[in-house]
Each structure stands twice: as C-alpha cells, then as structure tokens.
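In what follows, a structure is listed as structure tokens, so that the remarks can point back to it.
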Amino acid sequence: MNNLSMINIQQGYNPEVFYSELIVDGVLLSEWLAEYIDKSTQLKRLGVKELGLSLNLDLYSDTKIVWYYLGQLGDGNVSYVPLLVCPEDNDLSCTTIITEQYIIDDKVVWKRFGLLTGSIEKQNPDAIDWFDTVPELTFAKDNFEKVFSQFMRDFTEAYQHRDEFVDIDFPMNFRIK
C-alpha cells in the first residue's frame, strides 16, 4: 500500500496564496512519475519542463471537473482524473496528465497514467495516451480522503474572503467532519 500526503507551499509575494504538491511514499508525485517515464523525451514532447497539481486551476469549470472525478469514490467506480497540468496555462486545455482511478473495497487505485489527448468530460480512455512504464499506486481510502479533505479546508480558508470559488462543489467524501 502506498502512502499519500500533500504539502502546501506559500508564495513569497503573497502569504495568502499557496500551491500544493502531492507526495507519494515521500516523493513528489511529479518526481515519482519522472522515475518511470523518460522525462527528457516525454516532457520535451509535451512541451513543458515541469507539471503542477490540478486542484486549483485558473478556470473554475476545470477545477470543478477535477474535483468531481477525484471524488467518485463509490465502490466499483472508475474515473479518469486530471492530476498534473502545465503550470504556465494552469488549465485542462494544454498538457494534462491523467490517472485511471479505481475504487476497490477500501482502496483507491491509480491504475495507470497518461497524457490527455481529448476532452476529459467524456471520460473516454481512448482520449488518453497511456504511459506503459508507470506502475499503479494503491492508497487506503481513509488516507486518500484525509489528504484531500485537508486540502479542501486549506483551499476554502485561503479563498473564502476573496469570493473566489465560494460555490465549488467539493465531493461529500472530502467534507471535514
């Protein structure tokens, strides 16, 4: 079983603004992925040097899509979740790395990873160019929910006074109890 965690990194120019990084087994998710893909070839082909977490995108509609599919945690559910995006555009229209997320018993499995080549709204696995060399990740469902609940709380606190994303529909799984 893998361990999932997240860190929030404050922006020096504005302490209210932060970006987050997912950590898998003590390694940044983007670095973990780079261990399994030929980074110099893959990221050059993608046209970016690095990728950023997709939980707070520039377009509200894109942020809603990410949270909707991330929160499909009913047993037996399968969804294609945007995880990493090009930080220059910070939306789903450019370079987007997807995971195929399965829910099995009390586990969340990120079965495979790939590059989105079409529209994510259709949840079509044929619109994803899968990386063959990246192994799956398996998280305890309670660990998974705890990490994203904490992000939801931090995100809400950071943006509530600015009236940004005030009506975002976070999945019920990630509500703070």
Side-chain angles (χ1 to χ4, degrees), residues 2-9 18-73 77-104 107-139 141 143-145 147-148 150-152 155 168 170-171 173-174:
N2 300 99
N3 183 51
L4 184 67
S5 59
M6 185 180 299
I7 58 170
N8 294 328
I9 301 166
F18 65 89
Y19 69 95
S20 299
E21 293 279 358
L22 279 178
I23 300 173
V24 175
D25 299 332
V27 179
L28 293 177
L29 177 62
S30 56
E31 292 176 6
W32 180 86
L33 275 171
E35 290 178 25
Y36 298 100
I37 60 174
D38 180 353
K39 188 174 181 180
S40 62
T41 301
Q42 291 288 353
L43 292 184
K44 191 179 291 180
R45 183 173 67 90
L46 303 178
V48 297
K49 293 179 182 172
E50 61 183 31
L51 295 168
L53 194 59
S54 67
L55 299 178
N56 178 11
L57 300 174
D58 288 345
L59 296 176
Y60 174 72
S61 58
D62 285 352
T63 300
K64 282 186 75 162
I65 289 168
V66 172
W67 280 97
Y68 176 78
Y69 291 123
L70 191 66
Q72 300 301 304
L73 297 178
N77 279 357
V78 177
S79 57
Y80 302 97
V81 181
L83 284 180
L84 299 170
V85 297
C86 170
E88 292 172 6
D89 295 329
N90 201 34
D91 62 31
L92 299 179
S93 69
C94 187
T95 302
T96 304
I97 302 296
I98 301 284
T99 189
E100 183 176 48
Q101 177 175 283
Y102 283 81
I103 309 306
I104 304 167
K107 298 183 213 72
V108 176
V109 179
W110 287 351
K111 186 76 174 164
R112 56 186 177 161
F113 297 83
L115 173 66
L116 181 65
T117 59
S119 172
I120 191 60
E121 291 91 346
K122 296 181 179 149
Q123 289 287 283
N124 179 2
D126 294 333
I128 303 165
D129 183 12
W130 298 106
F131 301 131
D132 296 331
T133 57
V134 180
E136 69 181 44
L137 293 169
T138 302
F139 308 108
K141 193 172 175 183
N143 168 229
F144 187 86
E145 290 176 342
V147 167
F148 288 104
Q150 181 62 49
F151 176 85
M152 184 203 70
F155 180 84
I168 193 163
F170 288 106
N173 319 62
F174 302 137

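Nothing fancy with the numbering, it's 1 onward along the sequence.
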Subject >> Side-chain heavy-atom pair Trp32, Val134 within 4.5 angstrom cut-off >> reply: yes
Original post:
Would you say the side-chain atoms of Thr117 pair up with the backbone N or O of Asp129, donor to acceptor, closer than 3.5 Å?
Top reply: no
**OP:** For the residue pair Pro125 and Arg112, establish whether any side-chain heavy-atom pair is separated by less than 4.5 Å.
**Re:** yes
Subject >> Flag for Asn3-Asp25: side-chain donor and acceptor within less than 3.5 Å >> reply: no
**OP:** Assess whether side-chain contact (heavy atoms from CB on, under 4.5 Å) is satisfied between Leu137 and Val24, documenting all intermediate values.
**Re:** CA-CA 9 Å; Leu137 293 169; Val24 175; 3.6 Å; yes
Subject >> Taking every non-hydrogen atom, the tightest pair across Tyr69 and Ser79 >> reply: O-OG, 3.1 Å
Subject >> Short side-chain to backbone donor-acceptor contact, Asn143 and Leu4, under 3.5 Å >> reply: yes
Original post:
Is there a side-chain contact between Val147 and Phe139, using heavy atoms and a 4.5 Å cut-off?
Top reply: no
Original post:
Can you tell me how far CD of Gln150 sits from OG of Ser5, rounded to the nearest 0.5 angstrom?
Top reply: 11.5 Å
Original post:
Under the side-chain contact (heavy atoms from CB on, under 4.5 Å) criterion, do Ile7 and Ile23 qualify, and how do the steps go?
Top reply: CA-CA 8 Å; Ile7 58 170; Ile23 300 173; 3.7 Å; yes
Original post:
How would you list, by chain and number, every residue that makes a side-chain contact (heavy atoms from CB on, under 4.5 Å) with Ile104, sequence neighbours excluded?
Top reply: Tyr102, Val109
Original post:
Side chains of Leu83 and Leu29: does their closest heavy-atom pair fall under 4.5 Å?
Top reply: yes
Original post:
Would Phe113 and Ile98 count as a side-chain contact (heavy atoms from CB on, under 4.5 Å) if you check the C-alpha gap in whole Å, the side-chain angles of each, and the deciding distance to 0.1 Å?
Top reply: CA-CA 6 Å; Phe113 297 83; Ile98 301 284; over 6 Å; no
**OP:** Output the distance between atom CD (Gln123) and atom CD (Gln72), rounded to the nearest 0.5 Å.
**Re:** 8.5 Å
**OP:** Using the side-chain contact (heavy atoms from CB on, under 4.5 Å) rule, take Val108 and Ile103 through it: C-alpha gap first, then chi angles, then the decisive distance, then the call.
**Re:** CA-CA 5 Å; Val108 176; Ile103 309 306; 3.9 Å; yes
Original post:
CE of Met6 to CG of Leu22: how many Å apart, nearest 0.5 Å?
Top reply: 4.0 Å
Original post:
Any idea which heavy atoms bring Asp126 and Asn124 closest together, and the distance?
Top reply: N-OD1, 2.8 Å
Original post:
Is there a side-chain contact between Ile128 and Tyr80, using heavy atoms and a 4.5 Å cut-off?
Top reply: yes
Subject >> Option among Glu100, Glu136, Gln101 that satisfies the side chain to side chain donor-acceptor pair (under 3.5 Å) test with Trp110 >> reply: Gln101
Original post:
Taking all atoms of both residues into account, what is the closest heavy-atom pair of Lys107 and Thr138, and its distance?
Top reply: CD-CG2, 3.6 Å
Subject >> Option passing side chain to side chain contact (heavy atoms under 4.5 Å, CB included) with Pro82 (candidates Leu70, Thr96, Thr99) >> reply: Thr96
